[in-house]
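See below for the structure under consideration.
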Amino acid sequence: MRRRKRIPPAPLPQRAGVDPVRVRLPVEGAWGTVREHLVERLAAGAGVIDGMLDAGLIVGADGRAVAADAAYVPGMFVWFHRELPDEVPVPFGLDVVYRDEHIVVVDKPHFLATTPRGSHVAETALARLRRELGIPALTAAHRLDRLTAGLVLFTVRPEERGAYQSLFRDRLVRKEYEAVAPYRESLTLPRTVRSRIEKERGVLAAQEVPGEPNAVTLVELVEHRDQRARYRLLPRTGQTHQLRVHMNALGVPILGDPLYPVVTGPVPAGDFRRPLQLLARVLEFTDPVTGHSHSFVSGRTLGAWSAYENWAAR
């Protein structure tokens, strides 16, 4: 059995709480130089790669700049910092609800991504926390959609991250969500929804397709007033957009959802009106490192329930 090559520590410091990009050169390939591979692999273009190499911005494991004519070495690691995009700051607080030497639990606002991805890099919960708490090694144990608010678990020590991630993988975390959606008197609840959900890369919305179910959600009605209702959602699995897809399938799409039932046009940067009315309210688990039982409850409320007129008027 081939042993996996150990990944060296990053030779570049974080920038604005964001790690440098790490690239491993493939073991097999016909490239003559590191430059040739990076030009082919990265979408930046030859001019950008040449400029970075000339400026010494691409480095090897020893922290030294990679020469423009450096020979290709199979399995070699190189690092560089991506050019941070211009991001509109998310004008909502990120509340720390618990912190010890092993974990940090935060109450994330709507519109703030959990980890750097795509056009959201420095304006993410992870980058913010690294800067504000001074914990460069902080990592996310799981992810919460950018449009969803609520509780997220982060780990302090890299060597313990796997233990906490396994809680989510093995379904040992009790997660409870709250949603505001239309009220349907004919909809019989509680109900367990089971379906197969698949999401294609590059396609915004996930789809329910025929096949063995891979997504299970218990949906309960908490209360209703007029044409709106507050629902409790208990996911048994964690497929992409699972709760949003299941609520839409029941005929009660979550208020403020830009994808279900219809994909709407892209929202302009800085438009924080009408957030998706979905909240990760409860997070419960037994700490795999300390053995302590944890139960956290979000302090946030959903505007379409607490102040519908204000939410709808935005």
Side-chain angles (χ1 to χ4, degrees), residues 92 94-99 103-112 114 125 140-155 164-184 187-195 197 206 213-225 228-250 252-257 260 275-288 292-306 311:
F92 309 113
L94 181 62
D95 303 326
V96 175
V97 298
Y98 179 83
R99 177 182 177 182
I103 61 174
V104 175
V105 179
V106 301
D107 205 350
K108 185 184 81 68
H110 293 103
F111 300 110
L112 186 67
T114 301
H142 65 120
R143 282 194 351 184
L144 195 62
D145 282 349
R146 185 179 70 88
L147 299 183
T148 304
L151 299 170
V152 186
L153 172 66
F154 293 85
T155 63
Y164 290 99
Q165 286 182 318
S166 68
L167 292 175
F168 295 89
R169 181 196 63 208
D170 299 336
R171 303 177 188 176
L172 298 176
V173 178
R174 180 181 179 274
K175 295 183 287 184
E176 178 181 316
Y177 289 74
E178 179 181 316
V180 178
Y183 172 66
R184 280 183 54 203
L187 180 61
T188 302
L189 297 175
R191 174 183 300 191
T192 298
V193 183
R194 294 181 173 85
S195 69
I197 296 176
N214 62 357
V216 181
T217 307
L218 174 62
V219 181
E220 300 177 348
L221 175 65
V222 178
E223 56 183 325
H224 69 89
R225 58 169 77 125
R228 284 171 293 120
R230 193 159 64 93
Y231 298 89
R232 179 182 297 112
L233 311 178
L234 302 171
R236 308 301 190 211
T237 54
Q239 296 299 319
T240 300
H241 296 177
Q242 175 177 317
L243 302 180
R244 299 161 67 179
V245 170
H246 280 171
M247 290 294 284
N248 182 57
L250 292 176
V252 287
I254 299 172
L255 295 186
D257 197 326
Y260 309 95
L276 175 70
Q277 295 300 281
L278 181 61
L279 173 67
R281 176 165 292 284
V282 177
L283 196 65
E284 296 179 340
F285 59 93
T286 298
D287 193 302
H292 295 160
S293 294
H294 291 296
S295 179
F296 303 106
V297 180
S298 170
R300 299 185 184 275
T301 58
L302 293 174
W305 188 257
S306 61
W311 178 85

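With sequence neighbours left out, the ring-ring contact (aromatic ring centres under 6.0 Å, His included) criterion links Phe111 to Phe272. By the side chain to side chain contact (heavy atoms under 4.5 Å, CB included) test, Leu187 pairs with Arg184, Leu189, Arg191, Leu250, Val252, sequence neighbours left out. Contacts of His224 classified as ring-ring contact (aromatic ring centres under 6.0 Å, His included), with partners at least two apart in sequence or in another chain: Tyr183. By the side chain to side chain contact (heavy atoms under 4.5 Å, CB included) test, Arg99 is found to be paired with Val96, Val104, Leu133, Ile135, residues two or more places apart in sequence or in another chain being considered. With sequence neighbours left out, the side chain to side chain contact (heavy atoms under 4.5 Å, CB included) criterion links Thr240 to Lys199. Glu220 pairs by the side chain to side chain contact (heavy atoms under 4.5 Å, CB included) definition with Pro190, Leu218, Arg232, Leu234, not counting sequence neighbours.
Atom CZ of Arg300 sits about 12.5 Å away from atom OG of Ser306, to the nearest 0.5 Å. With values rounded to the nearest 0.5 angstrom, Arg225 atom CZ is found 4.0 Å from Trp305 atom CH2. Taking CG of Leu279 as the reference point, atom OG1 of Thr301 lies at 8.5 Å (rounded to 0.5 Å). Summarising the geometry, atom CD belonging to Gln165 is positioned 9.5 Å from atom CG belonging to Leu153; distances are rounded to the nearest 0.5 Å. Note that the CE atom of Met247 and the CD1 atom of Ile254 stand 5.5 Å from one another [nearest 0.5 Å].
Residues Pro253 and Tyr260 come closest through the heavy atom pair CB-O, 3.8 Å. The two residues Gly303 and Gln277 make their nearest non-hydrogen contact at N-OE1, 3.1 Å. Summarising the geometry of His241 relative to Ala206, their closest heavy-atom pair is ND1-N, 4.3 Å, with the distance given to 0.1 Å. Leu255 approaches Ala181 most closely through the heavy-atom pair CG-CA, 4.0 Å. When all heavy atoms of Leu233 and Ala179 are compared, the closest pair comes out as CD1-CB, 3.9 Å. Nearest heavy atom pair, residue Ile197 against residue Ala215, reads CD1-CB, 3.7 Å.
Residues Leu144 and Lys175 are not in side-chain contact: their nearest non-hydrogen atoms beyond the backbone lie 4.5 Å or more apart. Annotation: side chain of Val216 is in contact with side chain of Thr192 (closest heavy-atom distance under 4.5 Å). By the 4.5 Å heavy-atom criterion applied to side chains, Asp107 and Leu151 are counted as neighbours. By the 4.5 Å heavy-atom criterion applied to side chains, Thr217 and Tyr177 are not counted as neighbours. A heavy-atom distance below 4.5 Å is not found between the side chains of Thr286 and Leu172. Between Tyr231 and Val219 there is a side-chain heavy-atom pair separated by less than 4.5 Å.
Look at Glu176 and Arg281 and you find no salt bridge, because none of the NZ, NE, NH1 or NH2 atoms lies under 4.0 Å from a carboxylate O.
At distances below 3.5 Å, at least one donor-acceptor pair connects side-chain atoms of Lys108 with backbone N or O atoms of Arg146. Arg228 places a side-chain N or O within donor-acceptor distance of the main-chain N or O of Ala304, the cut-off being under 3.5 Å. Not one N or O on the side chain of Thr237 forms a donor-acceptor pair closer than 3.5 Å with the backbone of Gln239. A side-chain donor-acceptor contact under 3.5 Å links Trp311 to the backbone of Pro275.
Ring geometry, Tyr98 versus Phe296: the interplanar angle falls from 30° to 60°, so the pair is classed tilted. Ring pair His294/His292 is perpendicular by interplanar angle, where above 60° counts as perpendicular and below 30° as parallel.
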